[in-house]
2 protein chains.
Amino acid sequence: MTERAGSRGVVAAALRLFDERGFEATTMDDVAVAAGVSRSTLFRRFGSKDDVVFADQEELVESVRALLDASHGDPVAAVRAAAHAVLRAYTSRPEVALRRYRLVRAHAALRDRELAMTARYQALFTQHLSRGYGDPRRLLAAEVLAAAVIAAHNHVLRAWLRDPGEGGPSPAARLEEALEFVVAGRAAPPGGSGGPVPAGGGEVLVAVYPAGASGEEVLARVRAALGGAP
Amino acid sequence: MTERAGSRGVVAAALRLFDERGFEATTMDDVAVAAGVSRSTLFRRFGSKDDVVFADQEELVESVRALLDASHGDPVAAVRAAAHAVLRAYTSRPEVALRRYRLVRAHAALRDRELAMTARYQALFTQHLSRGYGDPRRLLAAEVLAAAVIAAHNHVLRAWLRDPGEGGPSPAARLEEALEFVVAGRAAPPGGSGGPVPAGGGEVLVAVYPAGASGEEVLARVRAALGGAP
DNA sequence: CCGAGTATGACACTGCGTATCAGGAAAAGG
DNA sequence: CCTTTTCCTGATACGCAGTGTCATACTCGG
């Protein structure tokens with residue numbers, strides 16, 4: 001690793017070009033010329049064109065991994081702290097975050113790439129939440145909670161990206177509120193039902209019965225649900 | 001549309017080649033020759049090499065969208081039914097699902113592509129759960145619940161893909177249990193033992209049908225599923 | 001039998017990504 | 001101070017995905 005600063009400059013130049021001319025309209029040769037390096041070096045350092053855009057994100061993922069690995073207390077608390085750390089990494093450099101947000105929103109390929117990035121955070125969270133548990137029940141709980149935390153984080157982050165200057169609570173405060181909501185387990189909106197699955201309004205029928213029930217019993221109940229068909 | 005069956009055959013030939021020789025080792029020319037069409041036609045029909053692998057998944061996404069659009073009852077119930085429909089689409093054709101599972105696991109590019117696919121389901125769920133609500137609180141709830149449902153579905157699906165012949169409850173039953181866990185809102189595992197998860201001791205029958213089907217048709221299919229009871 | 005719309009195939013072209021080789025700068029070693 | 005080794009860079013060539021264009025065959029309606 002000769003100089004990390006060099007890569008920073010390359011990334012900056014690339015993002016500027018992508019922003020001005022469009023992502024696919026800019027070739028790697030253009031970036032090479034603008035950054036003052038060869039195309040070979042570009043691919044050698046970043047691997048692919050997409051990776052130039054997400055170079056610093058990669059570092060962020062690694063720092064989150066380190067953060068979780070170093071934590072010793074409550075896993076849920078550690079994951080919450082990690083979510084805050086990620087959000088702070090965005091909000092602390094609004095120009096960078098907003099430029100990439102515009103870029104990613106405009107190009108489907110980059111959107112997919114960012115999804116993959118998010119999935120890596122989610123995998124880290126899941127792994128940390130299910131540490132040492134072989135129990136599949138716990139694994140389910142870990143996966144669901146990780147997904148919920150990621151969703152909450154992305155909700156707050158997107159809101160901030162859409163309107164960074166908006167008044168009201170800080171992003172961190174909003175995230176804390178959202179995480180509280182998640183951990184409180186109110187995944188179902190208060191108005192909704194949430195109970196066992198009823199028959200759908202008329203388009204779909206979902207029936208769940210213990211298999212202990214006899215065939216005739218099941219048939220009878222389905223018939224009843226259908227409105228007493230013969 | 002001349003013949004949809006033609007595309008099916010092309011996909012089958014392509015998947016076979018990808019499976020045998022590897023994904024990136026197989027060129028689109030190879031696929032074209034094996035499928036008996038030109039490379040031009042291949043790109044015209046599927047758009048990209050990845051899309052050949054996920055062609056039928058695309059149809060599944062559309063059917064889920066249609067399912068949700070057509071539903072009128074409780075949004076949460078509709079989303080649960082949709083998750084069941086997706087799972088069933090996999091488990092009803094084990095050979096196809098398992099071959100693609102092997103393929104996707106082996107190649108990073110396809111993994112990312114599948115993540116994008118999952119994200120589309122999640123977006124559909126979110127959209128349906130937050131119908132008509134401008135309230136950001138509701139939007140957060142919808143996003144979190146959608147993410148949790150997806151996580152539960154993927155948990156069950158992955159377990160089945162890893163070991164399709166495993167004994168115990170059916171995939172549908174496992175999903176129902178997992179969804180119950182999600183909707184019950186106990187995302188965070190308490191320190192205690194089992195938790196409030198319903199004891200899914202016995203088998204359960206889960207049936208999902210479009211309501212376009214007549215009552216008799218539904219009864220007939222349930223009867224058939226029960227083993228041809230009179 | 002004939003035109004309109006359409007699916008197909010053939011061909012050329014751009015650009016990403018990889019592999020290989022040569023040259024030069026920095027370190028290692030005497 | 002000079003040599004050897006190592007590593008980074010740049011240049012060239014190549015494979016292949018994906019796009020655009022044009023000519024041909026096929027279908028449908030008149």
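Every chain is numbered from 1 and lettered A, B, ... according to where its sequence line falls, protein lines coming before strand lines. Below, each value reflects all heavy atoms present in this structure, side chains not excepted, and no hydrogens, waters or symmetry copies.
Note: A:Phe23 and A:Phe18 have perpendicular aromatic rings, judged against thresholds of 30 and 60 degrees for the angle between ring planes.
In this structure, B:Arg45 reaches the C:dT8 phosphate: one of its side-chain N or O atoms is under 4.0 Å from OP1 or OP2. Neither OP1 nor OP2 of C:dT8 sits under 4.0 Å from any side-chain N or O of B:Ser38. Contact between the side-chain N/O atoms of B:Ser40 and the OP1/OP2 oxygens of C:dG9 is not found at any separation under 4.0 Å.
A salt bridge does not link B:Arg105 to B:Glu114: none of the charged nitrogens lies less than 4.0 Å from a carboxylate oxygen. Note on B:Glu176 versus B:Arg80: salt bridge recorded, some NZ/NE/NH1/NH2 to OD/OE distance being below 4.0 Å. A salt bridge links A:Glu20 and A:Arg16; the closest N-O separation between the charged side-chain nitrogens and carboxylate oxygens is under 4.0 Å. Classification of A:Glu62 and A:Arg65 as a salt-bridged pair holds, one side-chain N sitting under 4.0 Å from a carboxylate O. A salt bridge is defined here as a Lys NZ or Arg NE, NH1 or NH2 lying under 4.0 Å from an Asp or Glu carboxylate O, and B:Arg102 with B:Asp19 meets this definition. A salt bridge does not link A:Arg138 with A:Glu143: none of the charged nitrogens is closer than 4.0 Å to a carboxylate oxygen.
Rounded to an integer number of Å, the gap from CZ of B:Phe43 to C1' of C:dA10 is 15 Å. What separates CG of B:Leu42 from P of D:dT19 is a distance of 13 Å, to the nearest Å. Between the P atom of D:dA17 and the NZ atom of A:Lys49 lies a distance of 18 Å, rounded to the nearest Å.
Relative to the ring axis of A:Phe43, A:Lys49 does not place its NZ or CZ within 45° and under 6.0 Å from the centre.
Of the residues in residues 21-32 of chain B, those placing a heavy atom less than 4.0 Å from an atom of DNA chain D are B:Thr26, B:Thr27, B:Met28, in numerical order. Contacts with DNA chain C (heavy atom under 4.0 Å) in residues 103-110 of chain B: none are found.
Side-chain contact annotation: B:His153 with B:Thr118, donor-acceptor N/O pair under 3.5 Å absent.
The end-to-end axis angle of the helix from C:dC1-D:dG30 to C:dG30-D:dC1, rounded to 10 degrees and based on five pairs per end, is 10°.
Each of D:dA17, C:dT8, C:dT18 was ranked by its minimum atom distance to the side chain of B:Arg39; first place goes to D:dA17.
Evaluation of atom-type donor-acceptor distances gives no pair under 3.5 Å for the side chain of B:Arg44 against the base of D:dG18.
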